[in-house]
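Everything on this sheet refers to the single structure shown next.
Numbers restart at 1 for each chain; the letters A, B, ... are given by sequence-line order, proteins then strands.
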Protein chains: 2
Amino acid sequence: MKPAQLTQTISDTMIDLRKSERKVAEFVLKEPLGVIRMRIVDLAQQAGVSEPTVVRFCRAVGCHGFQDFKLALAQQLASSPSYGQIAVTDTDSTREYTHKVFDSTVDTLLKLRDSLALENLEAAVAAICNAQRVEFYGFGASAAVAFDAQHKFFRLQITSAAYSDPHLQNMSATSLQPGDVVIAISQSGRTQALLDSMELVKRSGGIVIGLAPSGTPIAHSANIAIEIDAKEDIQIYTPLSSRIAHLAVIDVLAIGVAQKKGPQLQAHLQQLQSGLSSLRID
Amino acid sequence: MKPAQLTQTISDTMIDLRKSERKVAEFVLKEPLGVIRMRIVDLAQQAGVSEPTVVRFCRAVGCHGFQDFKLALAQQLASSPSYGQIAVTDTDSTREYTHKVFDSTVDTLLKLRDSLALENLEAAVAAICNAQRVEFYGFGASAAVAFDAQHKFFRLQITSAAYSDPHLQNMSATSLQPGDVVIAISQSGRTQALLDSMELVKRSGGIVIGLAPSGTPIAHSANIAIEIDAKEDIQIYTPLSSRIAHLAVIDVLAIGVAQKKGPQLQAHLQQLQSGLSSLRID
DNA sequence: GCATTTCTTGTAAATTTTTTACATAATTCA
DNA sequence: TGAATTATGTAAAAAATTTACAAGAAATGC
């Protein structure tokens, strides 16, 4: 019924439109973000046509009326915030680049949310719950993610460790028991040393969960691949959003495990909390 | 400005609402998908209240009026298909909590984006650019943030270190030169050991940038406070979103520094990139 | 426990916004 | 070029939203 991509429909319908309706179409495509806050009179004026023409345009693109049209447009724009150009330039003000950093991060997260393979997540959660030991391997920016993950899972009463040193990884990998889990984290998906460690894990009978971009060697090599295709900012600084994307996925795994472990955990966490409070001041 | 996750806002605001407004809130949360196609009369009737009450409800949750409210709701639903009526399947609960993690993270980020004190960010960037050394201190979950930050700033050709050990922090703090910068990261804002380290830094003439919730001792004690009030998930696990919020702020700082350092950096980063590629496979 | 004040909520009116009806202008085709 | 057709705008009607206000409920003080 409702076209998923309204702007697409508008482009497609364009040739069938009358001259003044086309003016409306062009204006909408040029400034879709502005349109969703406009009244019909504003849009009519700005497009240089009369109000009924706007209504006729809305009907022509398959909507029931103007309100209906705005709603559909708003929905489309909500799912692709990238409509507003996100790229930090030299001349950006503090406010601008702050917004851009947040917006692009949010954008990455929303896209990732909808592209995650749920069955792999479930498999990963199940594997983690069954493991005696859970370890996190990562280098560079992924090392910080690994340590964060370790901290988080440790709190969930899971024996976990994080290694960012290939020697330590190798040593630990060879001592794993069948069923133990290693989560290999890589933003590039192509780190040779990590692949080597993964090989050792698999030889020990361990299960490797890979957090890496799809189609990369690490995603292929993992027993359970959680593919994370965060749009890399190739500019000034590397793994920015992708790192946060990885953390979010770790969070999802942690929640999944927490849910599975159930209420036994609650008591433990409360205890932990009271222990921590002695380190804090009022 | 506009709440990203309207339903979240509605839940949060619920306690402040009057009885009949709450009826509207409950109805909206129960059937959000239906509401976006309703007129104000329909919603009023179905919720069992009068039309002005609906308008008052819309205002109470931060919208300008009913239309505005519907628009915001539509936008959220467009980006959270989980709200759509989907038959309960085996994968559904996974889907649900996955969405919750992402949605609440996004929510936190957007709220933070609009509440950051820009002038403090600018002051922080300026301080970092002037420093000979930049160090990151944090414990627990904030330790991972500190290491991530260290990694990021190191790439920007800034002599940086990260310590999550109070002894190392103290030793390093006493050896700082005036003008050097320490970024103290705390999700609680009340870690005693961190406050002690900060005191030492200040005695050495160093500048302390504090990343902590507003109104906390660490925020007060810092020379430049960047207040981060991420809604803590009191549930199963602690610092979840707040940790990502801290990372995002670090990103903003890094961008700010990168921008100030200007193009001289570009060449350096390219060099770095080619160096890294030897560690990766094709 | 009653009177007074304050806060809630609905009714009805006013305003705003959208849509329809119709007339005029523009275009097409013979 | 002129009749027919289509396109567009004007103005009025309808619909929807918002405001003003009054009645009712709850809370507070005496």
Tabulate atom names and distances for all N/O pairs under 3.5 angstrom spanning the protein and nucleotides 10-14 of chain C.
| from | atom 1 | to | atom 2 | distance (Å) |
| --- | --- | --- | --- | --- |
| C:dG10 | OP2 | B:Ser50 | N | 3.3 |
| C:dG10 | OP2 | B:Ser50 | OG | 3.2 |
| C:dG10 | OP2 | B:Thr53 | OG1 | 2.8 |
| C:dG10 | N7 | B:Arg56 | NH2 | 3.0 |

Inset, instruction - In plain terms, say whether B:Arg37 and B:Asp42 are close enough for a salt bridge, that is, a side-chain N and a carboxylate O under 4.0 Å apart. - result: no

Legend entry - N-O pairing of B:Glu21 and B:Arg18 below 4.0 Å: yes

Inset, instruction - Determine whether the side chains of A:Thr53 and A:Ser50 contain a donor N or O and an acceptor N or O closer than 3.5 Å. - result: yes

Legend entry - Spacing of B:Ile224 atom CD1 and B:Asn120 atom CG [to the nearest 0.5 Å]: 7.5 Å

Legend entry - Distance, rounded to the nearest Å, where A:Phe57 contributes CZ and C:dT18 contributes P: 15 Å

Inset, instruction - Could you tell me whether B:Arg59 contacts a base, only the sugar-phosphate backbone, or nothing, with contacts defined as non-hydrogen atoms closer than 4.0 Å? - result: sugar-phosphate

Inset, instruction - For residues 17-42 of chain B, pull every pair meeting ring pair (Phe, Tyr, Trp, His ring centres under 6.0 Å), keeping only residues two or more places apart or in separate chains. - result: none

Inset, instruction - Verify the distance criterion only: is there a donor paired with an acceptor across the side chains of B:Asp196 and B:Gln192 at less than 3.5 Å? - result: yes

Legend entry - For atom CE of A:Met38 and atom P of C:dT18, their distance in whole Å: 12 Å

Inset, instruction - Measure the spacing between CG of A:Leu43 and CD of A:Glu31 and express it to the nearest 0.5 Å. - result: 10.0 Å

Legend entry - Euclidean distance, atom NE2 of residue A:His64 to atom C1' of C:dT18 [Å, nearest integer]: 12 Å

Inset, instruction - Determine, stepwise, if the pair B:Ile185 / B:Phe139 fulfils side-chain contact (heavy atoms from CB on, under 4.5 Å). - result: CA-CA 8 Å; B:Ile185 305 165; B:Phe139 299 113; over 6 Å; no

Legend entry - First of A:Lys19 and B:Gly65 reached from the 5' end of DNA chain D, by closest nucleotide: A:Lys19

Legend entry - Spacing of B:Ile36 atom CD1 relative to D:dA16 atom P, expressed in whole Å: 17 Å

Shorter than 3.5 Å, N or O on both sides, protein versus nucleotides 15-17 of chain C: list them out with atom names.
| from | atom 1 | to | atom 2 | distance (Å) |
| --- | --- | --- | --- | --- |
| C:dT17 | OP1 | A:Arg39 | NE | 3.3 |
| C:dT17 | OP2 | A:Arg39 | NE | 3.2 |

Inset, instruction - May I have the distance from B:Gln45 (atom CD) to D:dT17 (atom P), rounded to whole angstrom? - result: 14 Å

